[in-house]
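Owing to the predicted nature of the structure, the values given are computational and were not obtained by experimental measurement. What's counted below: heavy atoms across the whole structure, side chains too, no hydrogens, waters or symmetry copies. A, B, ... follow the sequence lines: proteins, then strands. Residue 1 opens every chain.
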Amino acid sequence: MDQTRIRNFSIIAHIDHGKSTLADRILQATDTVSAREMRDQLLDTMDLERERGITIKAQAVRVAWKGHQLNLIDTPGHVDFTYEVSRSLQACEGALLVVDAAQGTEAQTLANAYLAIENDLEILPVVNKIDLPQANPDAAAAEVADLVGEDAARVLRISAKTGEGVGDVLDAVVERVPPPAGDPDAPARALIFDSTYDQYRGVLAFVRVVDGSFRTREPLRAMAQGTRFEAEELGFFSPTMRASATLAAGEVGYVVTGLKDVSKLRVGDTLTSERRPAAEPLPGYKDVKPMVFAGLFPTDSDDYPELRDALERLKLNDAALFYEPETSQALGFGFRCGFLGLLHMEIVRERLEREFDLDLLVTAPNVAYRVTAKTAEEVEVHNPAEMPREFERVEEPYVKASIIVPKEYVGAVMELNNDRRGRFEGMEYLSEERVHLTYELPLAEIVLDYYDQLKSRTRGYASFDYDLAGFREGELVRVDVLVAGEPVDALSLIMHRDGAYARGKALVERLKEEIPRQFFDVPIQAAIGSRVIARETVKARRKDVLAKCYGGDISRKRKLLEKQKEGKKRMKQVGSVEVPQEAFLAVLNLNDGARR
Amino acid sequence: MSGGVRHLYVHLPFCAARCGYCDFVTLVGREGEHEPYVEALLAELALERSSLDRELDTIFLGGGTPTYTAPRALERLLAALPPAREVTVEANPETVTPRLAALLRRAGVTRVSLGVQSFQPHLLHALERRADAAAVRTAFHALRDAGFDNISLDLIYGVPGQSASDLAHDLDDAIALAPEHLSCYELESKPGTRFAHAHGDELARQAEAMEGYFEQVVETLTHAGYRWYETANFCRGGVAAGGRDLRSRHNLAYWLGRDYLGLGIGAVSTVGGVRWRNAPKLAAYVAAARAGRVPPREVEPLDDDVRRRERLLLGLRLDEPLPLHGVESALDAGALARLERLGLAERRGSGLTLTRRGRFLGGGVTAELIA
């Protein structure tokens, strides 16, 4: 198609502001699906192509509107996938910024809007849900217009639910979003903005062709990674897969690669033709690194092979997932996994439990640390137990956090952020009622229960988003927990010096409750290096006898002791001390939940 | 032809009332059934006679409350049992009259074990016991007057509401009677019993305060000249014993792993590597006896490994070393070394014994020692 008749755009919105509903209406308004085929949130269903035996979620749908080809490109909805979001936006020339008429601008609205601005997109502000009784379209329109520097009169007002205004949105896309600007005669270049794995067809890349054109069966190369493969099939979704002989400059579609490993084709990389390769890849590729780490252990150690297989399979579909075997004296065999962020971790955990039916134990997450040893050697530490006890300096990841709250909760949020070592950056009024706060916070301070705390301190009104902002040196220490003088690997943690004493105290107190009394006194200590910062003692048992034992109950007493012996065998041995696995779990739970 | 079993247990399940903490096989009242039950006991004895030695070493009548059994039936039973060197009868204080004492004596009973439990009204109340301290003393003196020179008292400690000084008073009151033998049990509140339901929470609260009671019992009684010869049992020793061995011979047979025959409902026998337990049902028991059949039983074969483990768990309850010959394979050598290092167990010659502290932790120590 003539490039001037192509429009590539995304819909960006805070969660629940109506992105999926609007996408559905667009499919209907353009007759891409008939009313009969229409199901709610069609683009969000994983089983779109079930009848063809493959399950691929469309990341981009092609629709026709008044003689134009419109490609609607989906974006992952969360900050953990900022890099992916920004690659998706890079594939577009415009974005619909959807805001709920009752809620107004929220943290993800801002984050997404800033990303769209960074990518030089034409932003079309849309106020949705104008049919709601509590809607305040004027206020919402003023807020969003102010945010993107647009005239409030140009803000589109729609109801995706009823379909009101959807045609106007499509007209505006045609009028206001610029057509693609690539060179159709230059060597071919396409941006990979997403990829997925299908068990029958291998890795499927979603691409935006920038220059030149691609043909089926053509040998291709991913420029950054150097991966070579043949384009087994080209095509687009509308909304189901439609094969096409070529994909030309400006167009959006898919490439079936036949590759068996999704990590061979990374989002952000540039595809080019082997026969006439481009000299330079498209800008902006970076290798995303996991920032949040946690140990995943099967609750039943017999499930270890299943967990390994499940992670292998998830990894096929999730290039950002990282894992390596981990052995913990307390929890047995498992994996240390790395995630882009908390949501990513939750998604992986949920998929493992739901799709693979695994019962998992997830240790408290920690972040990646950059540690400079005394020898000036720099290492990245993903597990507190690997942290050298002596080091020159440690750096930890920081985030730039964006929080939007009604003004009466500003104090509560500031207090929380101060507790979490936050550095105030700015505050602005979005309206008379709502305030936008920006902070720099250590990622470690938000990976545990920050979001829950924020919600509870603001009665659920706060919205929150963050973006990684690099590493900074911190006054960090490694806290070890020792049971009868032996360090317990699973309980080591890295934290800021200021909180170490209170945390160490809470840990040993909790562990004291959980460790059964032994034949001897068991000291439980928290220590930074060789300095003990908290200590408790599990006092030795004074009596442990079976009161009576005569002819009538020998069998029962014997079975009792045999059971007791079996129980001892299941205990974890920390030095000379027997500790039930539940004790470690309880303490790890402390990390998980109310830790302050 | 006669077998080699020299120890006989006879279960008399009847009681005037059931105490809340009790989990033995007991039946309240049922006076009309005492005689038929005794006949059934004798019928079971006749069926098992061949496994008994010509001469018995010990007989033990336990319950229930054996002395609650209708006197005629009790007399008939005692008269029909074979003679033995030690014949013990369990008794509740309120059932012991001078007449009953005389009846027992006449019938050849050599030893009476009196279920005292406590001398303090509030503790007896918590235990739902009927006798008071005065009744205990009256019963004790009636037994002495009838000529009994081997009387044992049962005490229970760890009762809801019991303070350390309550326990001291109970021990003092018991010692003042100068019994030959004492059994002191920590109260076991078995989950599911009426007692656990009523007192479980309170007992859990008191657990820490009561931790030292076992030590207090052992210290007080050994200080008063009693020998702590088994985890929960004490007997007079030395000069006060007048050269007699006042340990319970019958119970010693259990702890030394000897065979024994048990008669009656719920009674357990261990003979030649097989253990069986009579079903705890009166009607079925009596019916079987009338038909000349053995009563319904649960049979448990004991292999050599099990027997060795039992030798360990029973033998280590005693103050004398357990000869290790023949039981080594049941021992966890690593655990033994560890427990020796901790000063809880020690090898003496070819025997194994627990230290004083090891005996206070005997249950856990034994569990660890079992391979």
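- Interface summary for chain A: among B/E310, B/E186, B/R309, the most heavy-atom pairs under 4.5 angstrom belong to B/E310.
- Contacts with chain B were tallied for A/G567, A/G551, A/S576, A/A547; A/G551 has the most, counting heavy-atom pairs under 4.5 Å.
- Options B/R357, B/H250, B/R317 differ in how many heavy-atom pairs under 4.5 Å they form with chain A, and the most are formed by B/R317.
- B/E219 CD to B/W228 CH2: the interatomic distance, rounded to the nearest 0.5 Å, is 9.5 Å.
- A/K559 touches chain B through its side chain: at least one heavy atom from C-beta onward sits under 4.5 Å away, while N, CA, C and O do not.
- The part of B/L302 that comes within reach of chain A is its side chain, from C-beta onward, which places non-hydrogen atoms under 4.5 angstrom from that chain.
- Contacts of B/L314 with chain A are made by side-chain atoms alone, with heavy-atom separations under 4.5 Å and no backbone atom involved.
- No other option in B/Y213, B/F214, B/F60 has as many heavy-atom pairs under 4.5 Å with chain A as B/F214.
- Contacts between A/E578 and chain B at a heavy-atom distance below 4.5 Å involve the side chain alone, from C-beta outward.
- Summarising the local packing, NZ of A/K455 is surrounded by more than 12 heavy atoms from other residues, nucleotides or ligands at distances under 6.0 Å.
- Heavy-atom distances place both the backbone and the side chain of A/S555 under 4.5 Å from chain B.
- When heavy atoms are compared at a cutoff of 4.5 Å, B/L342 approaches chain A solely by way of its side chain, counted from C-beta outward.
- The environment of CZ in B/F24 is sparse: at most 12 heavy-atom neighbours from other residues, nucleotides or ligands sit within 6.0 Å.
- Only the side chain of A/K568 comes within contact range of chain B, with heavy atoms under 4.5 Å apart.
- Using a 4.5 Å cut-off between heavy atoms, B/T270 makes no contact with chain A at all.
- Per-residue counts of heavy-atom pairs under 4.5 Å with chain A were compared for B/H11, B/E215, B/H7, B/E188; the largest is that of B/E215.
- Inspection of the B/N233 and B/S183 side chains reveals an N or O donor paired with an N or O acceptor under 3.5 Å.
- The OH atom of B/Y21 lies 5.5 Å from the CG atom of B/L127; values are rounded to the nearest 0.5 Å.
- Aromatic ring orientation, B/H181 versus B/Y229: perpendicular (interplanar angle above 60°, classes split at 30° and 60°).
- Residues A/Y304 and A/F335 bring their aromatic ring centres within 6.0 Å.
- Both the backbone and the side chain of B/E211 have a heavy atom closer than 4.5 Å to some heavy atom of chain A.
- Distance check, rounded to the nearest 0.5 Å: CG of A/L307 to CZ of A/F333 gives 13.0 Å.
- Once rounded to the nearest 0.5 Å, the distance linking CG of B/L61 with CD of B/E90 reads 9.0 Å.
- Both the backbone and the side chain of B/V365 come within contact range of chain A, each with at least one heavy atom under 4.5 Å from a heavy atom of that chain.
- Residue contact with chain A, scored on non-hydrogen atoms closer than 4.5 Å, involves the side chain of B/Y260 exclusively.
- Using a 4.5 Å cut-off between heavy atoms, B/I370 contacts chain A through both its backbone and its side chain.
- Cation-pi geometry between A/K543 and B/F360 is not met: the NZ or CZ atom fails to fall both under 6.0 Å from the ring centre and inside 45° of the normal.
- Judged purely by distance below 3.5 Å, without hydrogens or angles, the side chains of A/S492 and A/D480 pair a donor atom with an acceptor atom.
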